[in-house]
Amino acid sequence: MELFGSSGIRGVALRYLTPELVLGIAKAAGTTWDADRVAVARDTRTTGELFANAAASGLAAVGCDVDRLGVVPTPAVGNYCESAGVPCVLVTASHNPPEFNGIKLVGDDGVELSVDVLERVERRVLDDDYDHADWRTAGATTRVKGVVDDYVDQLIDAVDAEAIADADLTVAVDPGHGAASVASPRIYRELGCEVLTVNATPDGHFPGRESEPVSENLGDLRRLVATTDADVGIAHDGDADRAVFVDEDGGFVDGDTSFAAMADACLEPGDAVVSAVNVSQRLVDVCDANDADLELTPIGATNIITRTRELHEEGVRVPIAGEGNGGVFFPPYRLSRDGAYIGARFLELLAAVDAPVSETVAPYADYHFVRRNVEYADDAERDEMLSAARAYVETADAEPNTTDGYRLDYGDAWVLVRPSGTEPKIRIYAESADADRAERLATDMYVAVESGR
């Protein structure tokens, strides 16, 4: 697809992502859905209102009435869409820096659109093909209240609130000034936890930290946990569809480790897990130990959703899916990522094992993961760099997996190179039980990619 990447459309606001483009996407989505009503929502970014207005105008122009939800977490949008039976144009750039914004399209089942529907929307945008209304049939706008309240209530009903409350946990929450600020601290308090917060004021400039919840951005949360004797820290990205954790000592728990721990707790023989081609060896080991299948897709939520749906249609149980960036799905709950729900499920796990976070995740922390990003200036430079990576892969002593980019598996170690679906970067991932080997694999691939400049 030319417009939609692995998780919607994202770009620098008012440079790549323009009101005109958002207007066209909204008109194309409204025409494709052929719905009487469509919701519009956004995260806290400073350009969110601007693009939400453009989206609402585009939808009204093709005859859709518009439900304006305001600033809400992405999972709250999913809950609203499912309960109200309406799709949504969601303005968010998730974990990207504050100068970015983007668009996600959510169906009336509360799930991001599948690849085939996105392709139909994209084709309408590229062909300028819309079903325009006239002055008599243009859509009207309604501002909807209570969306976050309803989301909080349904989430609490969906987890073992009694077990979490009985565990008497102190939880430190870092929403990163994003949309989780209006929901997650409240959710964990209502689940009976003592809650401490940092970076919990909605602010689209993200003044406290960068939006992506990676170790180097979570110094405030790590210090808060370590100095207050909190049991666990929970951090979200800008739109609150991811959750990562900090242990009781302030140590960062990488997403692959927490994903493996939660998978181990819910898998049964014959189940399947859907993950992306950059899957960690620790999840491979968990699937093997539970006699469960592991299905690999190209990177990105859309691809994981599509494959999970296919497996459901085949009668295969998929209790968990996702990626090692904190974006975990629990399909029996909803086939969408929900940062607050991921956090609550992790709290359930802590309550069940009655052990500190560090002990709970220790069996899944044996591998060392390395990620490198290589920025490129334009498509031509990207293609040359990928060609250099391909040449390197062809000489390697391993069979490449080309599901998404090039992955080389060495049994107990692997390296992957692929273009990002959301940023002008080529991503390199490597993992091994030996930290030096992981670094060496990543460095060798990095040198090969750089040689293509």
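Predicted model only: the values in this text are computed from it and were never measured. Scope of the values below: all heavy atoms of this structure, side chains included, with no hydrogens, waters or symmetry mates.
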Any donor and acceptor pair, going by atom type alone, linking the side chain of Y188 with main-chain N or O of A340 inside 3.5 Å?
->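 Side chain of Y188 to backbone of A340: a pair is present.
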Side-chain donor or acceptor of E348 paired with backbone N/O of V159 under 3.5 Å | no
Would you call the rings of Y333 and Y341 parallel, tilted or perpendicular if under 30° counts as parallel and over 60° as perpendicular?
->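 Plane angle under 30°, so parallel.
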Under 30°, 30 to 60°, or over 60°: which ring-plane class applies to F369 and Y429, parallel, tilted or perpendicular?
->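 Tilted.
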Modelled atom types, side-chain donor and acceptor of [X] and [Y], under 3.5 Å:
X: R42; Y: N101; value: no
X: N96; Y: R10; value: yes
X: D239; Y: S94; value: yes
X: D67; Y: Y80; value: yes
X: N53; Y: R68; value: yes

Heavy-atom pair of closest approach, residues [X] and [Y]:
X: A61; Y: K27; result: CB-CD, 4.3 Å
X: H236; Y: S184; result: NE2-OG, 2.9 Å
X: Y16; Y: G11; result: CD2-CA, 3.6 Å
X: A54; Y: P19; result: CB-O, 3.8 Å
X: A438; Y: A430; result: O-CB, 3.5 Å
X: A76; Y: V147; result: O-CG1, 4.0 Å

Just wondering, are more than 12 heavy atoms of other shown residues or ligands nearer than 6.0 Å to CG in D134?
-> yes
Derivation of the side chain to side chain contact (heavy atoms under 4.5 Å, CB included) call for F346 and V361 | CA-CA 11 Å; F346 194 74; V361 303; 4.0 Å; yes
What's the spacing between [X] [atom1] and [Y] [atom2] if we round to 0.5 Å?
X: N217; Y: E212; atom1: CG; atom2: CD; value: 7.0 Å
X: I25; Y: I9; atom1: CD1; atom2: CD1; value: 3.5 Å
X: E323; Y: T297; atom1: CD; atom2: OG1; value: 7.0 Å
X: I234; Y: I342; atom1: CD1; atom2: CD1; value: 10.5 Å
X: F330; Y: L335; atom1: CZ; atom2: CG; value: 12.5 Å
X: I320; Y: F329; atom1: CD1; atom2: CZ; value: 11.0 Å

Report the C-alpha distance between L191 and I156 in whole Å, list the side-chain angles of each, state the deciding distance to 0.1 Å, and finish with yes or no for side chain to side chain contact (heavy atoms under 4.5 Å, CB included).
-> CA-CA 7 Å; L191 285 171; I156 291 173; 4.1 Å; yes
Check this for me, if you would: do [X] and [Y] make a salt bridge, where the nitrogen-to-carboxylate-oxygen distance has to be below 4.0 angstrom?
X: K104; Y: D241; answer: yes
X: D174; Y: R209; answer: yes
X: D237; Y: R337; answer: no
X: R453; Y: E381; answer: yes

Kindly determine whether R309 and D109 satisfy salt bridge (Lys or Arg N to Asp or Glu O under 4.0 Å), including the steps that lead there.
-> CA-CA 13 Å; R309 278 178 160 155; D109 57 355; 2.7 Å; yes
Given V284, N278, V279, V274, the one that forms side chain to side chain contact (heavy atoms under 4.5 Å, CB included) with L296 =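 By the side chain to side chain contact (heavy atoms under 4.5 Å, CB included) criterion, L296 pairs with just one of V284, N278, V279, V274: V279.
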Take N401 and T403 through the side-chain hydrogen bond (donor to acceptor under 3.5 Å, both in side chains) test and state the conclusion after the steps.
-> CA-CA 6 Å; N401 180 317; T403 299; 2.6 Å; yes
What do the steps show when you test R282 against S280 for side-chain hydrogen bond (donor to acceptor under 3.5 Å, both in side chains), and what is the final call?
-> CA-CA 5 Å; R282 54 202 99 188; S280 169; 2.8 Å; yes
Test I426 against V417 for side chain to side chain contact (heavy atoms under 4.5 Å, CB included), laying out the working first.
-> CA-CA 7 Å; I426 292 174; V417 58; 3.6 Å; yes
Would you please test R418 and D404 for salt bridge (Lys or Arg N to Asp or Glu O under 4.0 Å) and show each step?
-> CA-CA 7 Å; R418 64 176 290 276; D404 183 359; 2.9 Å; yes
Does the side-chain hydrogen bond (donor to acceptor under 3.5 Å, both in side chains) test come out yes or no for Y151 and D338, once each step is laid out?
-> CA-CA 11 Å; Y151 162 65; D338 184 332; 2.7 Å; yes
Start with the C-alpha distance between D129 and T31, add both sets of side-chain angles, then the distance that settles side chain to side chain contact (heavy atoms under 4.5 Å, CB included), and finish with yes or no.
-> CA-CA 9 Å; D129 178 20; T31 300; 6.0 Å; no
